[in-house]
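For reference, positions follow the sequence shown, starting with 1. No experiment lies behind these values; they were computed from the predicted model shown. Computed over heavy atoms, backbone and side chain alike; hydrogens, waters and symmetry mates excluded.
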Amino acid sequence: MAITIVVVLLLIAALWVAFRALTVKNELEAAQAVVAQVQNDQAEIKDAVGALSSHAQKAADAAGDPVWNAFEILPFLGDNLRGVRLAAQSLDVVANDLGVPALAEFDADSDEPVLARILPVLTAAEPEVTRLAEEITAVQSSSSLIGPVRGGVDQVGEVMQAAAPMLALVPELLGAEGERNYLLTFQNNAESVGLGGSAASQTMLNANQGAIAITGQASSTQYANKTAVDVDVPQSALDLYSNYLIDHINTSASRPDFPTMANIVRAFWQRDIADQQVDGVLSIDPIALSRILRATGPIQLATGDELTETNAVDLLLNGVYLRWGDYSESRLVDAFFASAASTIFEKVATGDFDPKDMMWAIGEGIDNGNILFWSAHEEIQKQIEPLRVSGILPTENDAATTVGVFFRDESMSKIDYYMESGIKLAEACADGRRTFTTSTTLRMDIDQAAADQLPAYVRSGHWGSSQFRTQVYVYGPPGTTLESVSVEGRDVAVTRQDIQDLERPVAWFTTNLAPMEQATVTAVFSAEDGEFGPLELRSTPMINTTAYALDTSGCADR
């Protein structure tokens, strides 16, 4: 009789868990549909968070049932139940501990800066997010997870494992533990330089308990250019980019390594502008600003111009030079940039923007290399280094096999508004070796008559409108050897092919293009076949988006 009662109770418990599991499944699927609507611009984020909050809470409540927890001790089934519970609880924390209170603060009628209001929300949620991220990592190692559970756990785990370190970092970055100074550098893509463009202007930001304020601004003309700053850079960097890397702030972004640039611009600021603590360097360009303007809406500048998502790139990277095209008017250009920077910043700092569009803008900016960040604090920098925002090329091929193609204008011009570029990267495997062939094409998309009408600021300071010089640096994957180089074009040459930089072989080319002229440079790298992650290409963010073509058909493992 006792055995019968036990069996009946176990059956009832099993049915109860099955019922709860069905509830969790339905609520998680409903939550996933809400997320998809937001991603497809079919729902406003405020409405979506409300719906997500309800589904997440119901899923977490169902999976948090004591009977469910008891069944987690069972072999095979237990790990699957644990994975589902952790996924539901993670969604609940993201929606109800972060999303709902953060949006409430975002919409609050308050004179306190929006980041200062949101800061306590982030601080309060961080311990639970970190705990869940660690538990999800542990359950991911189980070989018992069935397909649907594995997929959901991996998906949620990716989010939580990225969110946990960020929630730990953001309060400190916003000055929760003491004031922080950040040097904001604007890169001008009209004059291409390695990481993006010439370092046109700098703004000092102060963060204190989430309140951010502009405390200083400077343009490139205020620095003692031609006098090198005291920064330790390897000889390989100077061999490739010359002393211009460290004695002209405009070309500080030449090397495709943001920590290098950050240390150089910080040293320039501290030497020539203000001898003060700089806790980090943030870089942004007009391409990123144009995306941010989708979130903020149009802004009015002190010059009377209206800056919008659609005209920002044209106005900031070309129109301003057509208006003030002589070098004697450079102060007007600098003032225009300063006005744009401070006005956009003020709108962002007050929270006057659409949060969904802002998240998209920042994500796109980071993914495309338009937004970069470096921290002077070692522990923070260690956590940033693996991320795309760090501007650091990977030193291994396990997660991804990365090839880099970077440009540097040496015309003393702003001609890259008219430059078109394309990169073809092919991977092939044969005879125990893996080969990476990179072909880069540059085309000057302006005819001679139009080039002759360009203002002095845009034309070459060396050759007027007759030609424009661009250096091309191709960084092969770590562990490879540069096998061969070739060029196509009227005045194109291999400059160096014997330098290793950033633990990679480098092929350096010089191209001189007349209006409407085109040139192609090719570099071939190879290594013994082995473990190579998915092929990835990084390049200088250009005004006219570079056309990429990846061909991995030559290797069976792709």
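Side-chain atoms of Phe336 and Thr303, non-hydrogen and from C-beta on, do get closer than 4.5 Å to each other. Counting heavy atoms from C-beta on, the side chains of Leu122 and Leu98 come closer than 4.5 Å. The shortest side-chain heavy-atom distance between Ile384 and Val389 falls under the 4.5 Å cut-off. Asn311 places a side-chain heavy atom less than 4.5 Å from the side chain of Leu307.
Checked by atom type, the side-chain pair Ser254/Arg408 shows a donor-acceptor distance below 3.5 Å. The closest side-chain donor-acceptor pair between Glu309 and Ser290, if any, does not fall under 3.5 angstrom. For Thr510 and Thr495, the side-chain atoms include at least one donor-acceptor pair closer than 3.5 Å. Remark: the Tyr417 side chain and the Asp314 side chain contain an N/O donor-acceptor pair separated by less than 3.5 Å. Counting only N and O atoms by type, the side chains of Thr185 and Ser283 include no donor and acceptor under 3.5 Å apart. Side-chain contact check for Ser201 and Ser219: no donor-acceptor pair (N or O, by modelled atom type) lies under 3.5 Å. Glu427 and Thr552 share no donor-acceptor pair across their side chains, judged by distance under 3.5 Å alone.
You'll find the ring centres of Phe406 and Tyr241 outside the 6.0 Å limit. Checked against a 6.0 Å centroid threshold, the rings of Phe353 and Phe106 count as neighbours.
Qualifying side-chain contact (heavy atoms from CB on, under 4.5 Å) partners for Pro505, counting only residues two or more places apart in sequence or in other chains: Thr480, Leu482, Gln500, Phe525. For Pro386, the side-chain contact (heavy atoms from CB on, under 4.5 Å) test picks out no residue, with sequence neighbours left out.
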Tell me, with the steps shown, if Thr215 and Leu205 meet side chain to side chain contact (heavy atoms under 4.5 Å, CB included). CA-CA 6 Å; Thr215 59; Leu205 305 176; over 6 Å; no
Just do the side chain to side chain donor-acceptor pair (under 3.5 Å) check on Ser421 and Thr546 with the steps written out, would you? CA-CA 5 Å; Ser421 56; Thr546 301; 2.7 Å; yes
What do the steps show when you test Ile415 against Leu454 for side chain to side chain contact (heavy atoms under 4.5 Å, CB included), and what is the final call? CA-CA 9 Å; Ile415 198 61; Leu454 293 173; 3.8 Å; yes
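By the neighbour-count criterion of 12 heavy atoms within 6.0 Å, atom CD of Gln235 is densely surrounded, having more than that number from other residues, nucleotides or ligands.
The pair Arg323-Asp305 meets the salt-bridge criterion, with a side-chain N (NZ, NE, NH1 or NH2) lying under 4.0 Å from an Asp/Glu carboxylate O.
Taking CD1 from Ile214 and CZ from Phe345, the interatomic distance works out to 5.0 Å, rounded to the nearest 0.5 Å. Note that CD1 of Ile292 is 12.5 Å distant from CD1 of Ile287, once rounded to the nearest 0.5 Å.
In this structure, Phe268 and Tyr223 have perpendicular ring planes: the angle between them is above 60°, well past the 30° mark.
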